[in-house]
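Worksheet for the structure shown next.
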Amino acid sequence: MSCGYLQVTLALLDSANDKDPVVREQVRKSILTLGKQQPNKVLSMCQDYLVKHPKLVIGHRVVILQTIELIVKTKIDDISYPKIKSIISLASDEMTRSKDVVPDWQQAASNILVAVGNKYINDIMEEILSKFQPGILPHFFVVQTLASLSESNVYGMVPFLNAILGTMLPMLGMAKQDNMKWVFSSALSHFSESILEYLANLDKAPDPTVRKDTFSSDIYAAYDILYCSWLQSRESKLRLTVAEAVGSMSHLMAHDKLEEQLPKLIPTILSLYKKNTEHYVISKVGRPLMTAAVNVPTCTVIVILLPLQVCAPVDYSNPLTVKNHNEVLRCFSILANTFPDRLVMFVLQKLENSNERIRMGSLAVLRHLINSSKSIMETKKLLILASIRQPLADHSNKVKKRVVQVISAMAHHGYLELEGGDLLVKFIIQHCALPDTYYRPGQRPSDPEEVTNEALRSMCDNTLHLFTTTVGRLTDVLWPMLLYYLTPGQYSNATTPLCKSLTLLGTKKRASQEPNFNIDFNEQGRCLLEGAPFTRCVNGSFPFRSRGHGAPSLSLLNVISPNIHPNAETLWEKEIPALLSYLEGKGPPLNDPRVLEPVASYVCVSNGTLFPMFLFLASWLFPQGFLYRCVGVTLQQCSNKEVVQKQLQEILISARHNDAMERAGVAMGIGLCASSHLDATLAKLDDFGKSDAFKKASGIFSLLKDKNDLDVEKMKSTLILCYGYVALHAPEDQILSRIDSDILRSISKHFNTKVKMVLIVLTHLNIFLLLKDFIKAEPTDAMRTPVRHLVMTTCANLMYPLMPRGVLVGCILEQSPEMSAIDCQPALYKDTFNALQELLRNILARDLSPDGLQSVFKHIEEWLSSGQDHERERAMNTTAHILEFYFNNLHVKNMVTFHNLGSLLGRLAPRCTDPNPLVRRAAIDCIYTLLYIQLRYEGFSLDYKDDSVERLITLRESMDNPDHSVLYKTCSELAKIISKRLPQQQLNTLIFMLFEGLVDSQSNCSRASSVLLNTLLKHRGAGLQDLVSEMLEVLHIRLQMISEEQVKVSVAQSILILATQHLQTVINTLISYPLPFDSWSCEMWIALGADSKLASQIMEMLMEKLNIMVPYVDKKESMMRGGLTKVATSHPLAMTCALKEMMLNGQSQDAVVSLFPQLFSSLLVRLGSSLGVTLPKDINSFGTNRKSLTPLSVCSWVCRVAVEALRILLARAQLDHVVKPLDQEGAWDKMKDPQQHITGVTLLARAMAKHAGPRLPAIVECLCPCLNNIYECQRVTITAFFSELLNHHVVTELMMMDVLMNNMMERISDPCCTVRMLAVRGLGNIAVGSPEKVNKYAKELLAAMSSGMEEKDDPGKRITLEAMSGLSKVLLYLDKKNVQLLVVYIFMKIKPFLESENDEIRCASIMLLGNLSKFGSGEPVFKDQIHNVLVSLLLHLSDPNLQVVKACKYAMRVCAPVVGSELITTMFQNHLHEDKSLHYGEFINDLTKYLIQDFPGMLNFYHITVIQFFKSNWAEVRAGAAMFIGR
């Protein structure tokens, strides 16, 4: 070991107790690295250090002992036997030096003995047993070491255990302290387990004669002491260890002894449940005892305490409780194998127990038995099916949850196909329809284990889905049975999961063309009346009710369409996707008649056969006359006039006229029909008005009987309403001529009953249009006349339910901006404004509900963001007015959801920073009222005051301060209040409304939106997991529209907040954005770099995925050409772009610096795998420009991303001195070019070696594993990098030489010839970078270079060239003793290349020949070889390549002394200088004379050799040969 090596090791040992744990760990790693290289010497130094410093602090000793252990573990085969003996002695002394127990110190010493014992067990036992003497209580860690050895080296230790047990037994009685009892118990447990393992693997054991009875007597003696004395200890830790030991020892006891002990042992062990909180160990012990007990006739009683354990609550956050629960269940499995009948009856009886926990535990056991003991339970299926009915009626959701789990297990094992299985399916569906759990205001569940209705419902949804997708045997059970549950009203909340399951089942059966896909509705009974499931599925009236049943219902319709009607299939495949788009918000509102057109098309293709069914279901299935509107749209599209007339008649006579909602629905349907069939509709209404139904006698069609006056009045109301809707929907060019002749004439007959209805119709036809014309005729610059006032007063007085309110209010509010003229009459304006408010109040009073409020507000909200201050002020004041009216007149009778709270707050909250202070105050007032409205809906009284809401009054005062910082701080406080009071289901809407506010026309309000948004996300964002992707998409869109820089910064903060809460989802979403990332996507990634800690996590996640994902795939260029093209995979490419963008954020510097080695290595590997890789065809972000791009530019884009990321990494890590030379030398462009890639990587490695040396060890450590990657492009890049590093002395200074050398040697056999070439180059570079290491690795270097020159799979001879060039460099520093024996061998390898057509190889071979000369001096054999090639060298002095000529001059000059002629030597040394010209003719002439004079015997050989050059490829050489022979 060199002096420097000793000093380094000694310095590390001194630093081993550094205060910083990171430093200590690094020191330990460094000593370990040195120890791997020279284990004996490093171990000696560690040993000497401990001996020379007996008073070293414990922590310091521990670190050194731990290091010794690591060296022994990793290099035990390289450590000399004497050193092993000394290490054993040292560890034994360190372990027992102190009589007191010092855990860290003595455990470290014990670990060394265990590590050595894995190979030298006899020596270890000799040392340990010397301190384990009979009659003397041993040291604690002597026993502990024996226990550890028995675990780590089973085959080595078991032969010693018989003697050890014999010595240990007397010691057990001597142990008085709990710690000694504990260690003896632990040792006995380990000994027993080792013996059992040894006996279980006797075929592998060194002594196969070992038997169980060898140990039985000693084990039983030890058991007696442990059971009788130690198991009763008060110390719980000791009790558990003793119990564990007893459990292991029981397997080694004699059968008769075990049979004798079990009846008292099992209850004793199980009684420990009551004494200890850690039940897992007891259950773990109990299970093997159960296994033994089932074979003992005397132990046939089912243990009482097991059910108590299985009934204990399981804390899934605590792994031990979960393990304990599983162990107890396994005990039941063991019992089931021996006592199946008794156990099953025992469990089933417990299902009727009054204790909820016992019922839950029994169900858990039943589920386990069904899953684990299939063969045993097979004969008990019917019994279980009968018994499970009892818990089906249980009222506890906790029990129901366990029942669902049992049903799921039964489904997988064929129970549900049996009689009674349908009840279990029904149970699941019933609980799919559970309503939400109701809590009174302020009430929260007190039981942390409570199972809410929502949780149970979700579980049942998942179970039903599981039945459908994974339990194939249930397909025929569920189809078509599930259809029965679509029509009964009590299952309406289960429509969504039912439809999803039926869709899956139907799709599967339809695709496989199974016969039972087709349903015979007649055989299935009335519940499956044809079209009834269809009608339930057309949930278009309320598609978002019942957990969004609209879309699943339509999907089911599409699947079962062949069962509904033969003509429906083709039509619905076209129409239903469009209807689904409406439900997703991409089409007109759901009350738009167009939404009903697919329904209408279905009924039309049925040729009217389904109209009776429609009307039958209308009486009980659909609310608010929705089905009548369906019929109306259907008739609107129906071309069969006979069907139209017949169905109009059926509608009028079957309607319940005393139901206002149904009456309105009938009128709407008939009005829709009139839009296409005006004449037929008016004729049918006229006939209906003349019918006897309007008299007090019996009605026509024998359906309307005994009508009283009230019924007649309701029927007249229906008729007039019908005329109103006919007037509304009929074509204008047709209706005007029919007003007087048909409508008014018919209405006049019933005028005395409903005068107001006539006014309604007239208003529809004339007044409303006139009022609009009056307002439009008014001047827009001033309010000089009372026309607007009168119009609004008239409208307020004409309010009625028939008028479509949106049209009327919109007509009025459209003129609202024109009321802002400065010169209007104040009193007139005030009266007009009051009339407007009166109008809105009247509208709202008609429908005092959240929907009614929204219908009014939607016509005001557009003015809230107006560019005019006075318009925003009036709109806000109007909003405040209608909200106050709503609050004062609100009477909550039922629990109703204020479903639009979020959207209203989202519109109003940003106005709290409006430039107009009056708007700000009014906005606060609106929010104040809204929150109290919400409290009313939650059940609070009218006079209830909420502290958090009342704080808004204080905030309102601060709104007068125009200071922006004050306003935004107030906004933040406002958001906290809203966050506290806003229900979770409203949060989503509010968030998305605030997203819209980010592009508000008022910059103050857009900033406020961002402040509100970020505050809400901080406080409530954790619960928005399902919306993260959608939120990011919206933010991406908004970024494209935001011009305010401050808002952009806030959006970046929003993304950062979401990432802190939902990191994986955010990354997955952003990674999936189209490539190349647009500027806004880039901004989002840059935002994630703002938080250093978060950036580190993201970068680590991206690198982890980047390192394991496939970087590209090989695809055929085309069908015509057979070549393959490398096509980049999207995700790794996106991750590279993401890393690049994140590092552009200056605040990511700390993260970049801390992860620099990993980032550098990942990006370098990514760079290698991006070379020559093209973009996927599905990336169209280049648009039309992509077609104009050349294949090279498309390929270079993929590579450019990695190069740019690498450059940004170096800049962000403040390695400008590395970047600068790379920029100057054009290295970045070279890295992207497949032809110059190796050169570029070489330049990168050179710059890193020169300017960033200290960072290289960690980089090399990260890159080494990648050399084994399957992608040769990655191996090429890494090998090129390593190869150049070896060209610099820094690798020796940082002790990287061995690692790099080993890696290069491994790459010599790489399947890729480029990698092999670079490996050879790297080995040759050692002579330049670390010449002092050449002789150390002489053997490896010469072998590698020699094999390189023999390389056959080397088309361009690049490996050969590098081998010869490298060997030339290496020979300059090799000692003669290392080369002398190989000189001739190498010479023979070189000789064929002297005439190579490759100039570089020819030059390299000649240079190598010259460098070999110093090793051949005085060797006759080498002299002969020189003469063999002398002619070739002489002739190549006229070689056309100048470098070859120079090489020849050099080789001949240095070889001259070996030739054997002083005259020739002098001549060569005087004339053959590389930088001087040579007169070839004169030189050859003189040389020939000397050759004839000094070597006359060689002349014939020279002539024969020269003649061979007459066929040389070079004319110059051929000429030289001619000249030479002529001389």
Would you mind reporting whether [Y] and [X] have side-chain heavy atoms less than 4.5 Å apart?
| X | Y | value |
| --- | --- | --- |
| Q649 | F688 | no |
| F992 | M1031 | yes |
| Q405 | L363 | no |
| C432 | N493 | no |
| Q647 | E650 | yes |
| L901 | P983 | yes |

TODO: Take T469 and H465 through the side chain to side chain contact (heavy atoms under 4.5 Å, CB included) test and state the conclusion after the steps.
DONE: CA-CA 6 Å; T469 55; H465 181 73; 3.6 Å; yes
TODO: Output all residues satisfying side chain to side chain donor-acceptor pair (under 3.5 Å) with T470, sequence neighbours left out; order by chain, then residue number.
DONE: none
Task: Pairing residues for N988 by the side chain to side chain donor-acceptor pair (under 3.5 Å) criterion, not counting sequence neighbours - done: none
State, to 0.1 Å, how close [X] and [Y] come at their nearest heavy-atom pair, and which atoms those are.
| X | Y | answer |
| --- | --- | --- |
| A433 | Q490 | CB-O, 3.7 Å |
| C722 | L685 | CB-CD2, 3.8 Å |
| T503 | T507 | O-OG1, 2.6 Å |
| M360 | K398 | SD-CB, 3.7 Å |
| Y937 | F898 | CD1-CB, 3.6 Å |

- [ ] Show your reasoning for whether side chain to side chain contact (heavy atoms under 4.5 Å, CB included) applies to F467 and N462.
- [x] CA-CA 9 Å; F467 288 174; N462 295 332; over 6 Å; no
Can a donor-acceptor pair be found, under 3.5 Å and without considering hydrogens, that links the side chain of [X] to the backbone of [Y]?
| X | Y | result |
| --- | --- | --- |
| S855 | G852 | yes |
| S1072 | T1069 | yes |
| N397 | V451 | yes |
| N900 | S903 | no |
| E417 | V477 | no |
| R457 | L434 | yes |
| K381 | H413 | yes |
| S458 | A455 | no |
| E454 | D436 | no |

What distance do [X] atom [atom1] and [Y] atom [atom2] have between them, rounded to the nearest 0.5 Å?
| X | Y | atom1 | atom2 | result |
| --- | --- | --- | --- | --- |
| M459 | H431 | CE | NE2 | 11.5 Å |
| H677 | K684 | NE2 | NZ | 13.5 Å |
| M481 | L502 | CE | CG | 10.0 Å |
| L482 | C499 | CG | SG | 10.0 Å |
| T681 | L635 | OG1 | CG | 8.0 Å |
| I388 | L348 | CD1 | CG | 8.0 Å |

Going by atom type alone, with no hydrogens or angles, which donor-acceptor pairs under 3.5 Å involve a side-chain atom of residues 418-429 and a protein atom two or more places apart or on another chain?
none

Task: NZ/NE/NH1/NH2 to OD/OE distance under 4.0 Å, K500 and D461 - done: no
Open item on the list: Between D394 and R359 (salt bridge meaning N to carboxylate O under 4.0 Å), is one present in this structure?
Closed with: yes
- [ ] Go through the steps to decide whether M715 and L652 satisfy the test side chain to side chain contact (heavy atoms under 4.5 Å, CB included), and finish with yes or no.
- [x] CA-CA 9 Å; M715 291 171 67; L652 290 169; over 6 Å; no
TODO: For S675 and Q636, test the side chains for any donor-to-acceptor distance below 3.5 angstrom and give the result as yes or no.
DONE: yes
Open item on the list: Pairing donors with acceptors under 3.5 angstrom, does anything connect the side chains of D851 and S849?
Closed with: no
Task: Verdict with supporting geometry, V644 and C673, side chain to side chain contact (heavy atoms under 4.5 Å, CB included) - done: CA-CA 8 Å; V644 171; C673 176; 3.9 Å; yes
Open item on the list: I'd like to know whether CD of Q984 has more than 12 heavy-atom contacts from other residues, nucleotides or ligands below 6.0 angstrom.
Closed with: yes
